[in-house]
Structure formats: structure tokens, C-alpha cells
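To start, the structure under review is shown below, and the notes come after it.
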Amino acid sequence: MKEKIGFIGLGAMGGPMAKNLLKNGYPLTVYDIVDSRMQPLLEAGAVGASSCKEAAKNADVIVTMLPSSPHVREAVEGKGGVIEGVREKSILIDMSTIDPVTTREIEKKLSNIKVKMIDAPVARGVAAAVAGTLAIFVGGDKDTFEKCKPILSTMGKDLDYVGEIGAGEVVKLINNLILSINVCALSEGLVLGIKAGVKPDVLFKALSQGSADSFALQNHFKKFVYKGKFEKDVFPVEYIMKDINLAMKTAESVRVPQYFGALALQAYETAVAAGYGDRYYPVVVKTLENLAGVEVRADLEE
Ligand code: NAD
């Protein structure tokens with residue numbers, strides 16, 4: 001018998017992740033503060049809840065996929081939150097990208113009422129959420145992770161157990177810190193190359209064969225920047241800034257300087273000032289394109 005799941009937060013990532021659980025036969029109750037976000041899941045066969053408390057009530061496992069730390073805190077500890085409805089021995093899997101300190105505080109509160117928690121933030125974005133091929137970094141008690149493996153496997157392809165509670169968040173924040181810096185580095189390099197006379201498609205091909213190749217070049221740039229695709233509601237600039245800020249806060253707490261993270265943060269701040277805050281975050285390239293008067297666009301071979 002598959003575990004009953006309560007899924008909270010049905011946005012760009014949570015929506016398709018919840019759908020994959022449903023497709024794999026998990027009985028699912030869903031909740032989002034925005035009604036329209038619940039609709040596609042209800043049509044696919046999920047049961048709707050009217051609060052986080054209700055979503056947690058009959059669930060063996062509760063999954064949260066929310067924007068950041070305050071949202072997870074509100075959903076779990078707030079009025080009508082998970083803590084009011086959850087049963088002893090249930091498990092909370094928080095898959096949001098949040099502050100590891102918040103993760104550890106929530107875990108402590110839940111353990112006082114005999115509820116287990118693991119943190120399991122994800123990498124690779126919306127396409128991987130739809131395909132069920134996310135990378136998932138898991139922190140927490142190992143036995144609880146083992147119990148949750150089949151559930152996590154319906155949403156992700158690569159599951160990495162990385163340590164105690166909060167360790168998943170630390171890994172995720174570092175992943176996004178490095179990625180956000182790489183996106184800025186690619187923006188500078190590509191705009192420079194084009195301004196200095198090399199065609200955008202030629203530059204892409206050459207760098208793909210060189211040692212500057214990267215996941216961000218093959219994904220963020222090839223699939224989005226080169227196509228001029230900077231959608232709304234898909235990991236906007238404001239979300240990458242949230243992650244860099246959380247990484248910087250973590251760095252400050254252990255006194256490790258972050259030169260390039262600080263610079264990247266200012267580059268994204270420039271994108272917000274230019275009016276691009278709600279766009280997919282590689283839009284940061286446009287701030288340099290606008291200054292240089294060139295565009296990183298071409299029809300690339302698929
Ligand atoms: P989103 O903004 O699209 O979705 C968040 C959802 O949570 C929204 O539908 C919102 O209405 C809902 N919500 C907010 N507060 C709530 C509450 N108290 N109770 C119930 N529902 C509530 O965000 P997303 O892109 O799905 O990202 C979710 C998390 O995953 C974030 O932490 C993000 O950093 C992380 N993430 C996103 C991506 C991506 O590419 N979008 C990739 C990896 C990780």
C-alpha cells in the first residue's frame with residue numbers, strides 16, 4: 001500500500017512534481033494558497049485541501065515545495081499549518097530551497113511531536129520537474145531517507161544523501177551560488193565575444209568544444225538566452241537573488257568570504273533595476289547586451 005501524501009505548494013516546480021506522484025499511484029491531497037494552482041491537480045485526480053493543516057491530516061508523508069524560509073515556516077508552524085493536523089510518525093519532506101537554519105529549527109519542533117523531517121531541495125529546473133529527472137540533495141536521518149526513497153524517485157533521477165538535517169539545503173545553496181556566478185561569467189564573455197566581432201552561433205560552437213563549456217552554456221544559454229526566451233513565473237531573478245543571499249548568510253555564519261557571489265548579487269540587482277526582476281534569471285545578460293548594443297541570439301542546431 002503506497003503512502004498517502006499531502007503536497008503543499010503547487011507552483012512552477014511543485015505542480016509537475018505532484019503530478020508525477022499521482023501518475024505513480026500515490027494517493028494525493030494537495031493545497032496551495034492560490035486556488036488556480038490546485039486546479040490541474042484536481043483534474044488529474046488529486047483531492048483538494050482547504051489548508052496546510054487539512055493536507056497534513058490524513059497524510060503519512062507531507063511534501064512542501066514553497067518559495068522560501070518564511071513560507072515554509074508559515075505553512076508548517078502558522079495558523080492552520082501542518083503542525084496542527086499532522087499525525088505522530090508522519091514524515092515531512094521539505095523540497096523548497098530555504099535557509100538551513102530554518103530547516104533545523106523546524107525539524108526540532110517536529111521531532112518534539114514525534115514527526116520526522118528531511119530536507120530534500122532539488123536542482124535542474126522545471127523541465128526536469130516535469131520529466132521526473134530532478135537531482136535531489138537530501139539531509140536528515142538516514143533511515144527516514146531510505147523510507148522516502150521510492151517517493152523521491154518518482155520526482156528525481158539522482159538522489160544524493162549529503163548528511164544531517166539542513167545539509168541538503170547547504171548543498172543546494174552552493175549549487176545555485178556557483179551556477180548564478182557562471183551565468184554572469186557567460187553573460188560577460190559572450191557579450192564581449194560578439195561585440196569584438198565573433199558571430200553568436202560560432203562563439204557557442206567553439207566554447208562548447210572548449211574548456212569554458214558548462215551546464216549553464218548548454219542549458220540556460222542554448223535553450224533560453226540564444227532564443228531570447230525570458231519567461232515570467234519560471235525561476236525569476238528575485239528567486240536566484242534569494243538563493244545567493246541565503247548562501248551569503250550561510251557563508252557569513254561560518255566566516256568564509258564570497259567575492260564572486262557578492263559581485264553576482266549586484267549583477268542581478270542591476271537586472272531588477274532594469275525592470276527584469278520577474279523574468280527567468282539568465283535575463284541578467286540583457287543588462288550587458290543593452291550597454292554593448294549586441295545580442296546573444298542565434299538559431300543553434302538542436
Ligand atoms: P513558485 O513561486 O512557482 O511556487 C510556489 C508556490 O507556493 C506558489 O504556487 C504559491 O502560491 C505557493 N505558496 C506560497 N506560500 C504558501 C503557503 N503558505 N501555503 C501553501 N502554498 C503556498 O516557485 P517554484 O519555482 O515552484 O519554486 C519552489 C521552490 O523550489 C523554491 O524554493 C525555489 O527556489 C526552488 N527551485 C525552483 C526551481 C525552478 O526552476 N523554478 C528549480 C529548483 C529549485
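Counting starts at 1 for both ligands and their atoms, following the listed order. All figures in this text were calculated on a predicted structure; none of them were measured in a lab.
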Should we say atom CD of E301 is surrounded by more than 12 heavy atoms from elsewhere, each under 6.0 Å from it? no

Need the ligand 1 atom indices (1-based, order shown) with element for anything under 4.0 Å from a heavy-atom of I8. 20 (C)

Can you find an N or O of P67 that's nearer than 3.5 Å to an N or O of ligand 1? yes

Check each atom of ligand 1 against the heavy atoms of G125 and keep those under 4.0 Å away; list them by number with element. 40 (O), 42 (C)

Quick one: look up the protein heavy atom nearest atom 35 (C) of ligand 1 and list residue, atom name and how far away it is. T97 OG1, 3.6 Å

Atom 44 (C) of ligand 1 sits nearest the protein heavy atom V122 O, 3.6 Å

How far is atom 42 (C) of ligand 1 from the closest protein heavy atom, and which atom is that? M13 CE, 3.6 Å

Specify the protein heavy atom at minimum distance from atom 1 (P) of ligand 1: its residue, its atom name, and the distance to 0.1 Å. Y239 OH, 3.8 Å

Could you tell me which non-hydrogen atom of A298 sits nearest to which non-hydrogen atom of P200, and how far apart they are? CB-CB, 4.2 Å

Any idea which heavy atoms bring L190 and F221 closest together, and the distance? CD1-CD2, 3.4 Å

Less than 4.0 Å is my threshold; does some heavy atom of K242 fall inside it relative to ligand 1? yes

Between E302 and K227, does any side-chain N to carboxylate O distance fall below 4.0 Å? yes

Would M95 count as a contact residue for ligand 1, given that I'm defining contact as a non-hydrogen atom of the residue lying under 4.0 Å from a ligand atom? no

Assess S68 for proximity to ligand 1: is some non-hydrogen atom of it under 4.0 Å away? no

What's the shortest distance from atom 8 (C) of ligand 1 to any protein heavy atom, and which residue and atom give it? R37 NH1, 3.1 Å

among protein heavy atoms, the one nearest atom 3 (O) of ligand 1 is A12 N, 2.9 Å

List the closest protein heavy-atom neighbour of atom 15 (N) of ligand 1: residue, atom name, distance to the nearest 0.1 Å. I33 CD1, 3.5 Å

With salt bridge (Lys or Arg N to Asp or Glu O under 4.0 Å) as the criterion, how do K79 and E84 come out once you've worked through the C-alpha distance, each side chain's angles and the decisive distance to 0.1 Å? CA-CA 8 Å; K79 195 164 180 303; E84 291 181 13; over 6 Å; no

What are the two closest heavy atoms between D119 and E164, and how far apart are they? OD1-O, 4.4 Å

Heavy-atom nearest pair, L246 first then S68, reads CD1-OG, 4.2 Å

Quick check on contacts: which atoms of ligand 1 are under 4.0 angstrom from a heavy atom of V34? 11 (O)

Evaluate the salt bridge (Lys or Arg N to Asp or Glu O under 4.0 Å) criterion for residues D60 and K4: first the C-alpha distance (whole Å), next the side-chain angles of each, then the deciding distance (0.1 Å), finally the verdict. CA-CA 5 Å; D60 304 304; K4 288 186 205 136; 5.5 Å; no

Can you list the steps and then say if E77 with K53 is a salt bridge (Lys or Arg N to Asp or Glu O under 4.0 Å)? CA-CA 10 Å; E77 304 173 0; K53 172 184 171 177; over 6 Å; no

Considering only non-hydrogen protein atoms, determine which one is nearest to atom 6 (C) of ligand 1 and report residue, atom name and distance to 0.1 Å. D32 OD2, 3.7 Å

With a 4.0 Å cut-off on heavy atoms, is L66 in contact with ligand 1? yes

F235: which of F224, F230, Y280, Y281 passes ring-ring contact (aromatic ring centres under 6.0 Å, His included): Y281

Short list, please: which atoms of ligand 1 are under 4.0 Å from a heavy atom of K172? 43 (C), 44 (C)

For K222 against L300, the heavy-atom pair lying closest together: CG-CD1, 3.9 Å

For ligand 1, which atoms have a heavy atom of Y31 less than 4.0 angstrom away? 19 (N), 20 (C)

